[in-house]
K.L.:
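If you scroll down you'll find the structure; I have some questions about it.
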Amino acid sequence: MYPLFSYSLTASWLSTATSSMKRPTPRLRNSFSQASSSFLPRPLPLKLSRTATDPILPQSSRFETAAMAAPAITPPSTAIMAKASLRPMYALTVPRSNRSSPKHNSSILIMPSRSFRVAGLTLTGKGFWSPNKSVPIAPKVLYSVQSFSIRMQSIRQVLSGEQLDKPVKVRGWIYRTRSSGGIVFAVVRDSSGIIQVTMKKGVLPDQEFEAAASAGVESSVMVEGTLVEDKRAPGGYEVRATKFSVIGSSEPFPITEYQSTELLLDLRHLWIRSREQTAVMRVKDSLLRGARGWFHSNDYVEVTPPIITGVAPEDSTQLFQLKYFDRFAYLSQTAQFYLESLIFSCERVWALTPSFRAEKSRTPRHLTEFWHLEMEAAWLDNDANMKAQEELVSSMLRSAAKECPSELKLLGREPEALSKIEPPFERLSYSEAMEELRGKGFEVSWGSDLGAAEERELTKDRILPLFVVNYPKELKPFYMKENPDDARTYKNSDLLAPEGYGEIIGGSERETDNALIIERLRDIGEDMKNYEWYLDLRKYGSVPHSGFGLGLDRVATWVCRLEHIRDAIPFPRTVARIYP
RNA sequence: GCCGUCGUAGCUCAGUCGGUGGAGCGUCCGCCUGUUAAGCGGAAGGUCAACGGUUCGAACCCGUUCGACGGCGCCA
């Protein structure tokens, strides 16, 4: 999928253009808003070197291609985008350099959308841009884009209505068709949305009409036509086609309106085209960007721990074993120990890795392969650890709410409500949680774990996530730090998502006393040899430190209001399924 | 590891006191110039998960196997 506007080079020119222009034309506004204001204008050195017909430009057009060289010219005043052949192109109109030199009128700089490299410089006349002569800013667009062809647009862009009653061109996949004799309605989707395309017999060539009438669901198509407002069209806009072509025809699509869970899982590679699944992927992408942003602005270093390991940090029955040459290795179920060893240099680290659990879990909350977002920081106690967690989570939510409002609405989640989930989250001690549950008629006693039913009860009516802190030692792993206020418990916390979605983060301050760690390892019958390197970390300048692991797919399940975690990941891996 | 449900057309399902298998959607053909999961008419499409047993006769009763799904525990 081509982005509508390209990035850095375009941005640098456009930012300059914006600042020096009095009235940007409406069609350019989007590009300007994407231009980075911090990007300093850079003069582009250009020199014409030869004349050629560029194969990606219309055959009839003859252009001068330019090679990069000194000298420099100033940036253009106006940018327009052109579509040439099948590849979207970007054109920057350079104003006349001076009135006495009409040769330089209507000059265009063209670059392919996905490349930052300049593909060619075109001029109506021959000549060089002078190194010292600055090009005056023109008050209006000097070159009309119409002489190229209609630009390709994303459906989201088309639905903005900017091109109302004007020619538009979209491409995508047929989402649904309906026909009625001389008229065919095709709903076309692309990665950004759906729009109805209407084809009337006689308006477009018969051959193209027939192609539209017989094109099956999921055929990839390219359509040219006029964008009109029409209340009868879903979404309020439709494209009245004047040109229609099937790029890739589709056999009868196996997913119809009636679908069983089993079928959708077997046809996962096709089902992920659905609007819901697309929305989930976009939301997840945005959550991740929010997380990255938070880590970056808090001086965390993103590191890359191994996936193949030789040591089992927790109960080894949960590990996937694999043949590793002449011995065995395991797929990592947490990067924690590796992150702990990295804090002695980087101090604050985080990593996003797949984690693997060979548990035969059959629940809506478990995958055997999931995306684990883990953090570890030196000089951090568990209170600060929890503050980091709530800040991180709310940054992720803010990001999704800001970047994916329509996707969230499609999934039944109000973006405004999501962005209101801000720190502090409520903290409930394990003991308090047990009290509360007993008050609600649960038969639990101190020392029993919080099951799915208990977690649901604690969070079903909440809007904000809930921290449950200081669990009994028996319920948690050996590496956690003892709670000085209550030696029966650890300095740890679980973060439970609201609305009954359950645990999304497990975190703790780490034990720094090797004697205690060794004692606990002996108690659970671990082979000390496997932990030598881990114990080393406490021997050489140990520091108090904490960290946590967040289940990215679980967060996405909650944010997207999904019933099952497997819909939060494109190709779920569960006990029963590794296909497709 | 534990508890539960299901397997009939490409898809979703109905069908059984045991007697030669049905609908809707999809596909194909025909009609329809404003459809909204369009409508109307017609056609094709099935080793009733597999194997074994009971019976004159099994999609249906019994057994075994395979596959899938719902949930618990474990965790993120």
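Within every chain, numbering begins at 1; the chains are lettered A, B, ... in the order of the sequence lines, protein sequences first and strands thereafter.
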K.L.:
Rounding to an integer number of Å, can you tell me how far A:I504 CD1 sits from B:rA76 C1'?
P.N.:
9 Å
K.L.:
Looking at RNA chain B, which of residues 420-441 of chain A put a heavy atom within less than 4.0 Å of it?
P.N.:
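The answer is none.
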K.L.:
Expressed in whole Å, how much space separates the C1' atoms belonging to B:rC28 and B:rC62?
P.N.:
43 Å
K.L.:
Name all residues meeting the side-chain contact (heavy atoms from CB on, under 4.5 Å) criterion together with A:V283; count only those two or more places apart in sequence or in a different chain, and write none if there are none.
P.N.:
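Listed in chain order: A:L287, A:A400, A:C404, A:E407, A:L408, A:L411, A:V559, A:C560.
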K.L.:
Between B:rG73 and B:rG4, how far apart are the C1' atoms? Round to whole Å, please.
P.N.:
15 Å
K.L.:
What nucleic acid atoms does A:G216 come within less than 4.0 Å of, heavy atoms only: base, sugar-phosphate, or nothing?
P.N.:
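It contacts nothing in the nucleic acid.
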K.L.:
Could you tell me how far B:rU8 sits from B:rA50 if I compare only their P atoms? Round to whole Å.
P.N.:
10 Å
K.L.:
Step by step, work out the ring-ring contact (aromatic ring centres under 6.0 Å, His included) result for A:Y300 and A:W350.
P.N.:
CA-CA 6 Å; A:Y300 282 80; A:W350 75 282; 8.5 Å; no
K.L.:
Nearest 0.5 angstrom please: A:L516 CG to A:L521 CG, how far?
P.N.:
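So the CG of A:L516 and the CG of A:L521 are separated by 11.0 Å.
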K.L.:
Which pairs pass salt bridge (charged side-chain N to carboxylate O under 4.0 Å, His left out) with one or both residues in residues 381-391 of chain A, sequence neighbours excluded?
P.N.:
A:E390-A:R427
K.L.:
Is it true that A:E435 and A:R438 have a side-chain N and a carboxylate O under 4.0 angstrom from each other?
P.N.:
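Salt bridge: yes.
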K.L.:
Distance from A:H564 atom NE2 to A:R365 atom CZ, nearest 0.5 Å?
P.N.:
9.5 Å
K.L.:
Pick the C1' atom in B:rG19 and in B:rA59, then give their distance to the nearest Å.
P.N.:
13 Å
K.L.:
Using atom CG of A:L450 as one end and atom C1' of B:rG73 as the other, report the distance to the nearest whole Å.
P.N.:
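Interatomic distance, CG of A:L450 to C1' of B:rG73: 14 Å.
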K.L.:
Stem list for RNA chain B, please, built from Watson-Crick and G-U wobble pairs under 3.5 Å and keeping only runs of at least 3.
P.N.:
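Stem list for RNA chain B: B:1-7 with B:66-72, B:10-13 with B:22-25, B:27-31 with B:39-43, B:49-53 with B:61-65.
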K.L.:
Can you check the A:L263 CG to B:rU8 C1' distance for me, whole Å?
P.N.:
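Rounded to whole Å, this separation is 16 Å.
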K.L.:
Using modelled atom types only, decide if a donor and an acceptor are shared between the side chain of A:S341 and the backbone of A:F337 within a distance under 3.5 Å.
P.N.:
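Checking the backbone N and O of A:F337 against the side chain of A:S341, a donor-acceptor pair under 3.5 Å is found.
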K.L.:
Counting only N and O atoms by type, is there a donor-acceptor contact under 3.5 Å from the side chain of A:T512 to the main-chain atoms of A:P544?
P.N.:
no
K.L.:
Rounding to a whole Å, what distance do you find between A:L264:CG and B:rC11:P?
P.N.:
12 Å
K.L.:
Could you measure between the two C1' atoms, the one in B:rC32 and the one in B:rG41, and give it in whole Å?
P.N.:
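My reading of the C1' atoms in B:rC32 and B:rG41 gives 12 Å.
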K.L.:
Say you pick atom P in B:rC60 and the same atom in B:rG53; how far apart are they, in whole Å?
P.N.:
14 Å
K.L.:
Taking the side chain from A:S419 and the backbone from A:R398, do they hold a donor-acceptor pair closer than 3.5 Å?
P.N.:
no
K.L.:
Can A:Y479 and A:Q336 be counted as having a side-chain donor-acceptor contact under 3.5 angstrom?
P.N.:
yes
K.L.:
Who pairs with A:T198 by side-chain hydrogen bond (donor to acceptor under 3.5 Å, both in side chains), at least two apart in sequence or on another chain?
P.N.:
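Listed in chain order: A:E238.
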K.L.:
Report which part of the nucleic acid A:L367 touches: base, sugar-phosphate, or nothing (heavy-atom distance under 4.0 Å, all strands).
P.N.:
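Base contact.
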K.L.:
Quick one: what's the B/S/- string for nucleotides 28-35 of chain B, heavy-atom cutoff under 4.0 Å, read 5' to 3'?
P.N.:
----BBBB
K.L.:
Toward the 5' end of RNA chain B, which comes first, A:S361 or A:F370, by nearest nucleotide?
P.N.:
A:S361
K.L.:
Whole-Å distance between B:rC75 C1' and A:L319 CG?
P.N.:
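Rounded to whole Å, this separation is 13 Å.
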K.L.:
For A:I247, enumerate each residue passing the side-chain contact (heavy atoms from CB on, under 4.5 Å) test, keeping only those at least two apart in sequence or located in another chain.
P.N.:
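Residues passing side-chain contact (heavy atoms from CB on, under 4.5 Å) with A:I247: A:S220, A:M222, A:S245.
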K.L.:
Considering residues at least two apart in sequence or located in another chain, which fulfil the side-chain contact (heavy atoms from CB on, under 4.5 Å) criterion with A:E403?
P.N.:
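A:E403 satisfies side-chain contact (heavy atoms from CB on, under 4.5 Å) with A:S286, A:R289, A:S399 once adjacent residues are dropped.
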K.L.:
Enumerate the residue pairs fulfilling salt bridge (charged side-chain N to carboxylate O under 4.0 Å, His left out) with a member in residues 562-580 of chain A, sequence neighbours excluded, ordered by first and then second residue.
P.N.:
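Of all non-adjacent pairs touching residues 562-580 of chain A, those that pass salt bridge (charged side-chain N to carboxylate O under 4.0 Å, His left out) are A:D266-A:R577, A:R268-A:D567.
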K.L.:
Within this structure, what is the OH-to-P distance between A:Y471 and B:rA76, rounded to whole angstrom?
P.N.:
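For the pair A:Y471 OH and B:rA76 P, the rounded distance is 10 Å.
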K.L.:
Taking A:E208 for its side chain and A:F244 for its backbone only, find out whether a donor-acceptor pair lies under 3.5 Å.
P.N.:
yes
K.L.:
Give me each pair satisfying salt bridge (charged side-chain N to carboxylate O under 4.0 Å, His left out) with a member in residues 496-509 of chain A, each pair once, sequence neighbours excluded.
P.N.:
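Residue pairs with at least one partner in residues 496-509 of chain A: A:R413-A:E499, A:K491-A:E509.
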K.L.:
Could you tell me if the side chain of A:K481 sits less than 4.5 Å from the side chain of A:E511, heavy atoms only?
P.N.:
yes
K.L.:
Just the rounded figure in Å: distance from C1' of B:rG26 to CG of A:L270.
P.N.:
15 Å
K.L.:
Set out, line by line, the N/O atom pairs under 3.5 Å between protein and nucleotides 67-71 of chain B.
P.N.:
residue, atom, partner, partner atom, Å
B:rA68, OP1, A:A576, O, 3.0
B:rA68, O2', A:E262, OE1, 3.1
B:rG70, OP1, A:R566, NH2, 2.3
B:rG70, OP2, A:R566, NH1, 3.4
B:rG70, N7, A:R362, NH2, 3.2
B:rG71, N7, A:R362, O, 3.2

K.L.:
C1' atom, B:rG71 versus B:rC13: distance in rounded Å?
P.N.:
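My reading of the C1' atoms in B:rG71 and B:rC13 gives 24 Å.
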K.L.:
Taking the P atom of each, how far is B:rU12 from B:rA68, in whole Å?
P.N.:
15 Å
K.L.:
Can you tell me the distance, in whole Å, between the CG atom of A:D449 and the P atom of B:rA76?
P.N.:
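It is 11 Å, rounded to the nearest whole Å.
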K.L.:
Does NZ in A:K360 sit with more than 12 non-hydrogen atoms of other residues, nucleotides or ligands closer than 6.0 Å?
P.N.:
no
K.L.:
Any N/O pairs under 3.5 Å between the protein and nucleotides 41-46 of chain B? List them or say none.
P.N.:
none

